[in-house]
Undergrad: 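This is the structure I have questions about; it appears just below.
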Amino acid sequence: QVQLVESGGGLVQAGGSLRLSCTAPANISNINAMKWHRQAPGKQRELVAEVTKSGSTSYADAVKGRFTISRDNAKNTVYLEMNSLKPDDTAVYYCAVEVLLGWAPVVKYNYWGQGTQVTVSN
């Protein structure tokens with residue numbers, strides 16, 4: 001199946017910043033929400049940020065005020081701007097694109113990126 005392409009991860013010191021990007025194939029249509037998840041070692045995957053088709057955003061409490069999600073619909077790309085990074089932000093970050101597959105009933109499907117490692121040192 002189609003795979004989203006992620007980039008922007010790396011090693012950064014506490015207090016630093018990173019910008020993640022995720023691009024979907026140009027022929028994907030009917031995109032609704034675009035999301036970023038993360039999974040730290042030994043922990044469950046968690047949703048950290050989401051942006052709807054209309055541009056409405058939401059964030060996990062742990063990242064509010066520090067992370068900003070945005071999207072460029074013309075490029076089928078979602079970004080995650082991460083500021084004031086903390087060691088607890090260390091995780092593999094995965095993007096997801098929610099696609100509407102059908103109506104009556106409504107059917108949605110999430111395409112996933114391959115993951116990009118973010119490591120925040122003390």
Undergrad: Any chance you could measure Arg19, atom CZ, to Ser70, atom OG, to the nearest 0.5 Å?
TA: 6.0 Å
Undergrad: From Asn32 CG over to Glu50 CD, what is the distance, rounded to the nearest 0.5 angstrom?
TA: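 Going from CG on Asn32 over to CD on Glu50, the span is 10.0 Å.
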Undergrad: Scan for ring pair (Phe, Tyr, Trp, His ring centres under 6.0 Å) pairs involving residues 37-68, sequence neighbours excluded, and state none if there are none.
TA: His37-Trp112
Undergrad: Cluster question for you: counting only ILVMFWY and a side-chain heavy-atom cut-off of under 4.5 Å, with indirect links fine, are Tyr111 and Val107 together?
TA: yes
Undergrad: I'd like to know if Val5 and Val51 are part of one continuous hydrophobic network [Ile/Leu/Val/Met/Phe/Trp/Tyr, side-chain heavy atoms within less than 4.5 Å].
TA: no
Undergrad: Checking Val118 against Met82 for the side-chain contact (heavy atoms from CB on, under 4.5 Å) test, could you report, in this order, the C-alpha distance in whole Å, the side-chain angles of both residues, the deciding distance, and whether it holds?
TA: CA-CA 10 Å; Val118 172; Met82 304 184 293; 3.9 Å; yes
Undergrad: Could you tell me which non-hydrogen atom of Gly9 sits nearest to which non-hydrogen atom of Leu20, and how far apart they are?
TA: N-CD2, 3.5 Å
Undergrad: Would a hydrophobic clustering, with Ile, Leu, Val, Met, Phe, Trp and Tyr connected at side-chain separations under 4.5 Å, put Tyr79 with Val12?
TA: no
Undergrad: Is there a donor-acceptor contact under 3.5 Å linking the side chains of Thr52 and Ser54?
TA: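 Judged by distance alone, the side chains do pair up.
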Undergrad: Do Thr77 and Asp72 meet the criterion of a side-chain donor-acceptor pair at a distance under 3.5 Å?
TA: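 The criterion, which ignores hydrogens and geometry beyond distance, is not satisfied for Asp72 and Thr77.
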Undergrad: Side-chain heavy atoms nearer than 4.5 Å, only ILVMFWY residues, links allowed to pass through others: does that put Val106 and Val99 together?
TA: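 Looking at the clustering, Val99 is in a separate group from Val106.
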Undergrad: Quick one: OG on Ser7 to CD on Gln114, what's the gap to the nearest 0.5 Å?
TA: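 Reported value, rounded in 0.5 Å steps: 8.5 Å.
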Undergrad: Which value, rounded to the nearest 0.5 Å, describes the distance between Leu85 atom CG and Leu18 atom CG?
TA: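 Here the interatomic distance stands at 5.5 Å.
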Undergrad: Check whether Glu6 reaches the backbone of Gly115 with its side chain - one donor and one acceptor, N or O, closer than 3.5 Å.
TA: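 Side chain of Glu6 to backbone of Gly115, a donor-acceptor pair under 3.5 Å: yes, one is there.
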Undergrad: Output the distance between atom OG1 (Thr23) and atom CG (Asn76), rounded to the nearest 0.5 Å.
TA: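 Taking OG1 in Thr23 and CG in Asn76, the distance rounds to 8.0 Å.
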Undergrad: Side-chain heavy atoms under 4.5 angstrom apart, residues restricted to Ile, Leu, Val, Met, Phe, Trp, Tyr: same cluster for Val97 and Leu47?
TA: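 In one cluster: no.
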Undergrad: Under 3.5 Å, is there a donor-acceptor pair between the side chain of Gln39 and the main chain of Ala91?
TA: no
Undergrad: Look up atom CE in Met34 and atom CG in Leu4, then write down how far apart they are to the nearest 0.5 Å.
TA: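 So the gap between those two atoms works out to 7.5 Å.
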Undergrad: Scan for side chain to side chain donor-acceptor pair (under 3.5 Å) pairs involving residues 87-97, sequence neighbours excluded, and state none if there are none.
TA: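 Qualifying pairs, neighbours excluded: Arg38-Asp89, Arg38-Tyr93, Arg66-Asp89.
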